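Below: one structure, written as structure tokens.
Counting begins at 1 with the first residue of the sequence. All of these numbers come straight from a predicted model, not from anything done at the bench.
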Amino acid sequence: MLQLALDPHRPLNRSIYAALREAVLERRIVPGSKLPSSRALAADLGVSRNTVLYAYEQLAAEGYVETRVGAGTYVVDSLVSGMPAGGRGRRPGGGRRKLSSLGVRLARDGSLGLGDQRREATRYEFRFAGAGHEQETLNAWARLVGRRARSLSRAPTGYQRPGGSSELREALAGYLARARGLTCRPEQIVVTQGSQQGIDLCLRLLVDAGDRVVIEEPHYAGYGSCLRACGASVLHVPVDAAGMQVELVAGLEHAKVVCVTPSHQFPTGGVMPLSRRLRLLDWARQHGTVVLEDDYDGEFRHEGRPIECLHSLDPEQQVIYLGTASRMLFPALRIGWAVVPEDLVEACQRLKAIADRDTSSLEQLVLADFIGGGWLERHVRRARKRYAVRRAAFLEGLGRELGSRAELAGASAGTHALLRLPELPASRFADLRQACRERGVGIYSAAQCYARPPDCVELLAGYASLEEPDIAVGVRKLREALDSLGAISQTP
């Protein structure tokens, strides 16, 4: 009698098929041997003959068995070749498989590509990537999605050029000129799946293993992951209240790329002044270095007008500009863009095509409508006012609850601030996170942004997705969590 372990969660016919297939692959039923007749197996298992016939027919169709007229059903002899004995789950020599140099780096470095993806899902969530949305904006987006979906024709539902929809690129060129002072032809824009893909594409296009690349310290972790993955030689240049300290770059040579966030340094929030911008561009021109400008939160400046991007000062096309709709609208909208020099457009599009062929066409067309109808700029104006109010509530709460025991950077722009807690050693972040979680507060460490993590706890504290009363309560509960660790005393 043939012993089969059936899966109770599958239909009987599929379960019998899977059990027989597993037995054949593991050579518990040896090649060339005869299977029980369908009637006999059905009787043994207490099922109908048709159920067993289905399993036999599926095995025959996939080449595991063959039916010999008048003789029965046999396991195919040729299955002996290449089949591992003792179970297909054990692969002799599997640990010695050869990986590419990239594969080796990815296998060894657990932080590459993933980072800290956990969401606290707490009542008071200070997640730096969060953003608040007005219902009016969401309603407008939904109407535009519906209109585009109802009017779909054959053309936009097929494969598009890897550079992106011509409608969206034209709309983006107009928007970037108005909002960021950036002048480019629509053909220079490559639409991506968010800014992270833009970073990856540009670095893969420009950097080989061993090439020198300059980045800020601290920096956006997505840059660090991409650079470690491609094997670059990374030089970390410190930042201060005005962004990257460009004077420290002046003596560097043979740098292939310099990566900066000049309009809102991530994570410290510094804004690079004109003098540093011009000095950086002059150095890049002298050394043939490409400047990769990530315009992170450039639209959301709370003190004064938004500053034009670095690209607007670059007539010689030394700068590649990266932007994203995910930060301006909502993270689920995976659309970003890279504005690349004209001589790199074709190569960048080909690399994009290798990666994923095309970004979602429907969403590109909807975003083009959203920009063309003036919705994006209206949304940014309203969001800037809303975030400024929430930022004020956040600052007030910190002053009231923590006073001088907390140090703050980067609150003059964007949707988050860098919160430094000098009295709490970095090794106690997990304790603080647990104490906050118990009080319904979600916090996130800034340690991932450093090549050499700070000696005390630093938090990426986002306030954009919380209402002002919740911000006040959340900050109070953060102070209570700190008090519970004995790190910070009661309210000053």
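Judged purely by atom type and a 3.5 angstrom limit, Arg212 uses its side chain to pair as donor or acceptor with the backbone of Glu253. Between the side chain of Arg178 and the main chain of Gly174, a donor-acceptor pair closer than 3.5 Å is present. Remark: the backbone N or O of Leu168 is not paired with any side-chain donor or acceptor of Gln364 at under 3.5 angstrom. Listed for the Ser195 side chain is no donor-acceptor partner under 3.5 Å among the backbone atoms of Gly336. Remark: side-chain polar atoms of Ser233 are not paired, donor with acceptor, to backbone N or O of Asp211 under 3.5 angstrom.
Among Val257, Val258, Val214, the one residue that satisfies the side-chain contact (heavy atoms from CB on, under 4.5 Å) test with Val291 is Val258.
Note on ring orientation: taking the six-membered ring where Trp is involved, the planes of Phe370 and Trp141 are perpendicular (angle over 60°, cut-offs 30° and 60°). Ring geometry, His219 versus His236: the interplanar angle falls from 30° to 60°, so the pair is classed tilted.
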Criterion side chain to side chain contact (heavy atoms under 4.5 Å, CB included) on Thr359 and Lys352, from CA distance to verdict: CA-CA 9 Å; Thr359 303; Lys352 161 73 175 174; 2.8 Å; yes
Test side chain to side chain contact (heavy atoms under 4.5 Å, CB included) applied to Ile215 and Leu235, step by step: CA-CA 6 Å; Ile215 66 173; Leu235 301 177; over 6 Å; no
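Between the side chains of Glu458 and Tyr450, a donor-acceptor pair is found at a separation under 3.5 Å. Between the side chains of His379 and Glu377, not a single donor N or O lies within less than 3.5 Å of an accepting N or O. The closest side-chain donor-acceptor pair between Asp356 and Gln197 falls under 3.5 angstrom. Tyr463 and Arg391 form no side-chain donor-acceptor contact under 3.5 Å, judged by distance and modelled atom types alone. Judged purely by distance below 3.5 Å, without hydrogens or angles, the side chains of Gln265 and Glu216 pair a donor atom with an acceptor atom. A donor-acceptor contact closer than 3.5 angstrom is absent between the side chains of Gln196 and Tyr223. No side-chain donor-acceptor contact under 3.5 Å links Arg390 and Thr415. Judged purely by distance below 3.5 Å, without hydrogens or angles, the side chains of Thr137 and Arg382 pair a donor atom with an acceptor atom. Of the N and O atoms on the side chains of Gln135 and Asn139, at least one donor lies less than 3.5 Å from an acceptor on the other residue. For the residue pair Ser263 / Asp295, a side-chain donor-acceptor distance below 3.5 Å is found, with atom types taken as modelled.
Relative to the six-membered ring of Tyr444, Arg127 meets both conditions, a distance below 6.0 Å and an angle of at most 45° to the axis.
From Gln434, atom CD reaches atom CZ of Phe429 across 11.0 Å, with rounding to the nearest 0.5 Å. Atom OH of Tyr321 and atom CD1 of Ile189 lie 10.0 Å apart (nearest 0.5 Å). Considering CG of Leu201 and CG of Leu344, their distance stands at 12.5 Å, rounded to 0.5 Å. Taking CD of Gln188 as the reference point, atom CG of Leu176 lies at 11.0 Å (rounded to 0.5 Å). One finds the SG atom of Cys436 at 7.5 Å from the CG atom of Leu459 (value rounded to the nearest 0.5 Å). For the atom pair CG (Asp294) and CD1 (Ile199), the distance works out to 5.0 Å, reported to the nearest 0.5 Å.
Using a 4.0 Å cut-off between charged side-chain N and carboxylate O, Asp7 and Arg14 make no salt bridge. For Glu136 and Arg378, the salt-bridge test fails: no basic side-chain N is under 4.0 Å from an acidic carboxylate O. A salt bridge does not link Glu308 with Arg277: none of the charged nitrogens is closer than 4.0 Å to a carboxylate oxygen. Salt bridge status for Glu342 with Arg185: present, with a side-chain N to carboxylate O gap under 4.0 Å.
Under the 4.5 Å side-chain criterion, counting only non-hydrogen atoms from C-beta, Val457 is not in contact with Ser445. Looking at heavy atoms from C-beta onward, Tyr220 lies out of side-chain contact with Thr261 at the 4.5 angstrom threshold.
Considering every non-hydrogen atom in both Pro262 and Glu293, the closest pair reads CG-OE2, 3.6 Å. Between Ser326 and Thr324 the shortest heavy-atom distance is N-OG1, 3.0 Å. For Trp283 against Leu252, the heavy-atom pair with the smallest separation is NE1-O, 3.3 Å. Looking at every heavy atom in both residues, Pro341 comes nearest to Ile320 through CD-CG1, 3.6 Å. For the residue pair Arg276 and Asp240, the shortest heavy atom distance occurs at NH2-OD2, 2.7 Å. Scanning all heavy atoms of the two residues, the minimum distance from Leu206 to Lys256 falls at O-NZ, 2.9 Å.
Aromatic pair Phe126/His416: centroids not less than 6.0 angstrom apart.
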